[in-house]
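Input: a single structure, listed below in structure tokens.
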Amino acid sequence: GLSVVALAVIAAGVVLTLVLVVAARAAYDQNEDRLLERKVQEAAAVLQASIPSSVSPVGHLAAVVDAVGDRDPDVVRQAIEATYRRGMYAALSVYAHGDPSPIGALGEPKRTPTPDEVGEWFPPPATVGDEPYRVLDLLELPEPRFAYVYTTTTADPVVVYAEVPTPANRRTEVDQGEAFDDLEFALYLGDDRSDASLLFASVAAGDLDGREAQEPIPFGDSTLLFVA
């Protein structure tokens with residue numbers, strides 16, 4: 001039979017092989033994690049860069065109405081219609097700061113301010129600073145929507161309230177050939193990865209398979225969480 005020395009050599013070889021396999025697997029996993037994290041960071045950066053162009057029509061609408069000194073309802077409605085025709089909004093409303101009755105509106109907003117919510121909807125303009133967009137969570141409604149309020153910082157501020165519909169079943173499709181078409185992803189409002197906070201995903205219910213990475217994206221006074 002084999003000598004004790006020979007058996008020891010074989011055992012050492014087996015152990016060394018196992019160690020090398022485990023080390024190689026760990027190195028592979030670490031490399032894959034780094035690649036995924038980098039890709040998620042890049043995708044989140046692209047998404048963050050698209051936010052200004054997505055919300056700028058609301059800021060432009062507020063500026064146009066702000067320039068109308070008497071807030072003529074007909075002029076305000078024309079300005080709202082020009083923005084509403086872009087097709088990205090489910091509802092738009094324009095308010096004079098502190099007044100819960102809109103100057104003009106289009107669409108069917110799922111939420112309007114009550115007298116008790118005046119402070120929430122119309123914060124003092126001095127506190128708006130660099131974050132003129134304030135997010136309102138309407139994702140738990142039967143027809144969930146992403147909503148935000150934009151406030152100008154002029155002496156007589158204008159407030160624009162916008163509601164954006166979420167995709168049906170909160171699913172969105174990424175066509176082949178588009179950037180990051182190989183990522184399964186989900187986008188959440190805030191830092192909570194619950195079904196209630198899901199804005200949309202490329203898979204049902206944001207049910208991602210395999211390894212994951214995530215990246216927060218600032219939006220107004222809130223945060224979006226990109227997970228892939």
Side-chain angles (χ1 to χ4, degrees), residues 44 47-62 64-65 76-77 79-97 99-123 128 131-152 158-174 185-207 216-227:
L47 184 57
Q48 183 172 355
S50 71
I51 289 176
S53 62
S54 299
V55 299
S56 61
V58 168
H60 178 71
L61 170 59
V64 169
V65 175
V76 171
R77 184 172 181 83
I80 296 174
E81 287 176 346
T83 304
Y84 189 79
R85 280 198 298 269
R86 292 174 177 266
M88 68 179 73
Y89 304 104
L92 284 171
S93 304
V94 174
Y95 298 85
H97 190 272
D99 186 350
S101 299
I103 305 170
L106 271 178
E108 298 182 1
K110 297 300 181 182
R111 187 177 173 190
T112 55
T114 66
D116 293 338
E117 294 176 322
V118 167
E120 178 185 359
W121 280 58
F122 309 117
V128 173
E131 301 296 349
Y133 295 95
R134 302 183 66 252
V135 176
L136 299 177
D137 187 353
L138 305 185
L139 295 178
E140 294 186 4
L141 296 178
E143 295 181 23
R145 291 179 177 178
F146 178 67
Y148 55 91
V149 177
Y150 178 91
T151 305
T152 63
V158 167
V159 176
V160 177
Y161 171 67
E163 290 183 2
V164 181
T166 60
N169 300 318
R170 308 196 198 189
R171 285 285 305 276
T172 186
E173 299 293 336
V174 179
F185 66 87
L187 187 67
Y188 297 87
L189 176 59
D191 55 8
D192 178 18
R193 289 182 58 182
S194 67
D195 291 344
S197 62
L198 179 65
L199 283 166
F200 55 80
S202 63
V203 292
D207 188 13
I217 302 171
F219 185 97
D221 66 342
S222 186
T223 301
L224 306 177
L225 184 64
F226 182 79
V227 183

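Computed over heavy atoms, backbone and side chain alike; hydrogens, waters and symmetry mates excluded. These figures come from a predicted structure and were not determined experimentally.
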Provide the closest heavy-atom pair for [X] versus [Y] in the form atom of the first, atom of the second, distance.
X    : Y    : result
A186 : L198 : CB-CD1, 3.9 Å
S50  : S53  : O-OG, 2.9 Å
L139 : A196 : CB-O, 3.3 Å
V64  : A79  : CG1-CB, 3.9 Å
A96  : I103 : N-CD1, 3.6 Å

Does the side chain of [Y] come within less than 4.5 Å of [X]'s, by heavy atoms?
X    : Y    : value
D99  : F122 : no
V58  : Y89  : yes
D191 : P216 : no
L106 : R77  : yes
Q48  : P218 : yes
L225 : L187 : no
Y133 : V55  : yes
Y95  : T112 : yes

By side-chain hydrogen bond (donor to acceptor under 3.5 Å, both in side chains) - contacts of Y161 (at least two apart) = E163

Any sub-3.5 Å donor-acceptor pair from [X]'s side-chain atoms to [Y]'s backbone N or O?
X    : Y    : answer
T166 : L199 : no
S93  : A105 : no
R111 : L138 : no

Please step through side-chain contact (heavy atoms from CB on, under 4.5 Å) for the pair V160 and V149, ending with a clear verdict.
-> CA-CA 6 Å; V160 177; V149 177; over 6 Å; no

More than 12 heavy atoms from other groups under 6.0 Å of CD on E117 = yes

How long is the span from the [atom1] atom in [X] to the [atom2] atom in [Y], to the nearest 0.5 Å?
X    : Y    : atom1 : atom2 : answer
L92  : E81  : CG    : CD    : 11.0 Å
S54  : F219 : OG    : CZ    : 8.0 Å
L61  : I80  : CG    : CD1   : 6.0 Å
S197 : Y188 : OG    : OH    : 6.5 Å

Test R170 against D195 for side-chain contact (heavy atoms from CB on, under 4.5 Å), laying out the working first.
-> CA-CA 10 Å; R170 308 196 198 189; D195 291 344; over 6 Å; no

Evaluate the side-chain hydrogen bond (donor to acceptor under 3.5 Å, both in side chains) criterion for residues D116 and T114: first the C-alpha distance (whole Å), next the side-chain angles of each, then the deciding distance (0.1 Å), finally the verdict.
-> CA-CA 5 Å; D116 293 338; T114 66; 5.0 Å; no

